[in-house]
Each structure stands twice: as C-alpha cells, then as structure tokens.
Amino acid sequence: QLLRLTALLLCAVVLLSAVSCVRDRDESIPEGMKLATAAGSDYRLYIPTAWNTNTSYGVSGGYYNLDVLSTVSVAKYEITEEMQEKIDRGEPDNFEGGRLDWFWVNYCLTAIEEMSLSGSVAEFTTAPDLIHQLNARRFTTSSIVSGTTLCFMQIVTEREGAFYVFSYTADKEIYEALLAE
C-alpha cells in the first residue's frame with residue numbers, strides 16, 4: 001500500500017514538473033508574429049503568423065502567398081570603402097535626409113530601376129521613421145516589373161558601420177490590404 005502511494009506521488013511530481021517546463025511561446029516574439037530572421041543576423045525580423053518565412057540564401061524575410069507577390073525582408077549593407085569615399089566627399093550633404101536618403105537613392109532606388117520597365121518608376125515619397133529607436137527614413141514608390149505594377153516601401157537606418165533596409169514589396173492589388181500587417 002505504501003509503495004503504491006509513493007509511486008503515485010512520484011508520478012504526480014514528475015508530471016507536474018514536466019508540465020511546468022512547457023512554454024506556450026517565446027515571450028520575446030510579439031503576439032501574433034513569428035521569427036523570420038536568417039541565422040547569424042544581428043537583428044530580428046518578425047512577420048505575422050499567417051505569413052510564410054523565407055530565410056533561404058541568408059536573407060531574413062517572408063511572404064504572404066506565392067500566387068500574388070507580397071514579400072518582406074531585411075538586409076544589412078556594410079559600408080564599403082567606395083561608399084565611405086563618397087560619404088567623405090560629402091555626397092550625402094546634397095540630400096534632405098542626409099546619409100539615409102543618399103544611400104536609398106544610390107543603392108535601393110537603383111536596384112528598383114534596374115528590374116523595372118524603363119521609365120515606369122513613379123516619383124518616390126520619403127518621411128522620417130524609426131527602427132528599434134534608431135532614426136530611419138521611409139521610402140515608397142511603385143513601378144512595373146514583368147507586366148505587373150508593384151508597390152515598394154523601404155525603411156532605411158544606419159548602425160555600426162552598416163545600412164539596414166526593411167523592404168515590403170507587393171502587387172498593387174494587395175499592397176494596401178497587407179500594409180497594416
């Protein structure tokens with residue numbers, strides 16, 4: 001009798017201790033989001049749980065669905081010697097938003113123009129923003145890529161010798177609907 005009671009008590013203690021070790025979710029991940037950060041990144045990207053993660057090829061990102069273009073990503077661009085020479089010559093001084101505007105126009109906008117139908121890139125808008133308490137700039141534009149009108153929103157910040165770019169790109173038809181996410 002005493003042996004059975006001891007065994008039952010031991011089972012209850014083991015069961016309770018096993019249950020207390022289980023955590024519903026990682027508390028550092030915001031509610032309704034999941035981690036979409038590539039291994040080795042010095043930042044974190046969270047996307048809605050309904051989205052699909054895509055961290056292939058070392059890029060942090062995700063997409064809403066495969067049928068209609070809808071992606072988010074974060075990329076880090078180390079300041080190269082060539083960039084630093086341009087910065088030292090004062091090229092960013094010619095831009096309202098300084099270094100962040102200069103970087104976006106010369107590197108991000110150039111990449112959008114290269115993949116777009118010639119002359120289809122719309123005039124861009126820019127505004128101040130924040131990324132994790134760092135001053136940032138938000139850029140929005142649209143263009144025609146492979147016969148589809150795409151909308152682009154990119155937020156650029158600078159930290160410890162690198163520019164960081166958060167990008168949201170989506171087909172014009174779903175851009176606004178997914179923007180809040």
Side-chain angles (χ1 to χ4, degrees), residues 29-80 83 92 95-160 162-181:
I29 298 175
E31 188 69 36
M33 304 295 253
K34 63 183 172 182
L35 190 62
T37 307
S41 299
D42 62 351
Y43 56 83
R44 296 290 170 258
L45 172 64
Y46 302 104
I47 62 173
T49 54
W51 288 50
N52 301 287
T53 57
N54 183 8
T55 56
S56 303
Y57 311 109
V59 174
S60 300
Y63 59 93
Y64 182 67
N65 71 42
L66 288 175
D67 297 330
V68 181
L69 183 70
S70 51
T71 65
V72 294
S73 65
V74 173
K76 177 181 179 180
Y77 299 89
E78 298 283 345
I79 296 177
T80 64
M83 284 181 190
F95 292 84
E96 177 186 337
R99 293 162 68 110
L100 300 179
D101 282 19
W102 169 82
F103 175 79
W104 188 81
V105 166
N106 286 284
Y107 294 89
C108 302
L109 179 59
T110 301
I112 292 170
E113 289 172 336
E114 287 175 359
M115 71 174 134
S116 300
L117 179 66
S118 180
S120 72
V121 178
E123 187 172 328
F124 66 88
T125 61
T126 183
D129 210 321
L130 288 173
I131 292 182
H132 194 63
Q133 301 175 351
L134 294 172
N135 288 331
R137 299 283 286 175
R138 177 185 301 243
F139 303 88
T140 56
T141 191
S142 63
S143 72
I144 299 172
V145 178
S146 300
T148 301
T149 301
L150 299 180
C151 297
F152 301 88
M153 180 193 68
Q154 295 180 311
I155 303 174
V156 180
T157 193
E158 183 179 1
R159 181 177 148 245
E160 298 177 5
F163 291 100
Y164 292 81
V165 180
F166 168 83
S167 297
Y168 165 53
T169 305
D171 186 291
K172 182 180 178 182
E173 300 301 316
I174 63 169
Y175 178 82
E176 288 295 330
L178 295 177
L179 187 58
E181 292 188 29

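- Between Leu69 and Ile174 the shortest heavy-atom distance is O-CD1, 3.7 Å.
- Side-chain atoms of Leu178 and Tyr168, non-hydrogen and from C-beta on, do get closer than 4.5 Å to each other.
- Residues Met115 and Val145 come closest through the heavy atom pair O-CG1, 3.6 Å.
- Residues passing the side chain to side chain donor-acceptor pair (under 3.5 Å) test with Glu78, sequence neighbours excluded: Lys76.
- Taking the side chain to side chain donor-acceptor pair (under 3.5 Å) definition, one finds that Ser73 meets it with nothing, sequence neighbours left out.
- Residue Glu113 comes nearest to Val121 through the heavy atom pair CG-CG2, 3.9 Å, listed as atom of the first residue, atom of the second, then distance.
- To the nearest 0.5 Å, atom OG of residue Ser70 and atom CG of residue Asp171 are 8.5 Å apart.
- No side-chain heavy atom of Ile131 sits less than 4.5 Å from a side-chain heavy atom of Arg159.
- Applying the ring pair (Phe, Tyr, Trp, His ring centres under 6.0 Å) criterion to Phe163, with sequence neighbours excluded, gives Phe103.
- In this structure, the separation between CD1 on Ile155 and SG on Cys108 is 12.0 Å, given to the nearest 0.5 Å.
- When all heavy atoms of Ser56 and Asn54 are compared, the pair lying nearest together is OG-OD1, 3.1 Å.
- For the pair Phe139/Leu109, no side-chain contact is recorded, criterion being any heavy-atom separation below 4.5 Å from C-beta on.
- Checking side-chain atoms of Lys34 against main-chain N and O of Ile29 turns up no donor-acceptor pair under 3.5 Å.
- Side-chain atoms of Thr126 and Leu100, non-hydrogen and from C-beta on, never get closer than 4.5 Å to each other.
- Residues passing the side chain to side chain donor-acceptor pair (under 3.5 Å) test with Thr157: none are found, sequence neighbours excluded.
- With sequence neighbours left out, the side-chain contact (heavy atoms from CB on, under 4.5 Å) criterion links Leu45 to Ala36, Thr37, Ile47, Ser60, Val74, Phe166.
- Atom OH of Tyr164 has more than 12 heavy atoms from other residues, nucleotides or ligands within 6.0 Å.
- In this structure, Tyr63 OH and Thr53 OG1 are separated by 7.5 Å, a value rounded to the nearest 0.5 Å.
- The 12-atom threshold is exceeded at CG of Asn65, counting heavy atoms of other residues, nucleotides or ligands nearer than 6.0 Å.
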Between Phe124 and Trp104, does a ring pair (Phe, Tyr, Trp, His ring centres under 6.0 Å) hold up when you go through it step by step? CA-CA 11 Å; Phe124 66 88; Trp104 188 81; 4.8 Å; yes

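- A distance of 9.5 Å separates CG of Leu179 from OG1 of Thr140, quoted to the nearest 0.5 Å.
- Shortest non-hydrogen contact noted between Ser143 and Phe152 is OG-CE1, 3.4 Å.
- In this structure, the side chains of Met153 and Ser167 stay at 4.5 Å or more apart for every pair of heavy atoms.
- Across Tyr175 and Cys151, no two heavy atoms sit closer than the pair CD1-CB, 3.2 Å.
- In this structure, the separation between CD1 on Ile79 and CE on Met83 is 7.0 Å, given to the nearest 0.5 Å.
- With rounding to the nearest 0.5 Å, the separation of CZ in Arg99 from CG in Asn135 is 13.0 Å.
- Not counting sequence neighbours, the partners of Ala75 by the side-chain contact (heavy atoms from CB on, under 4.5 Å) test are Tyr77.
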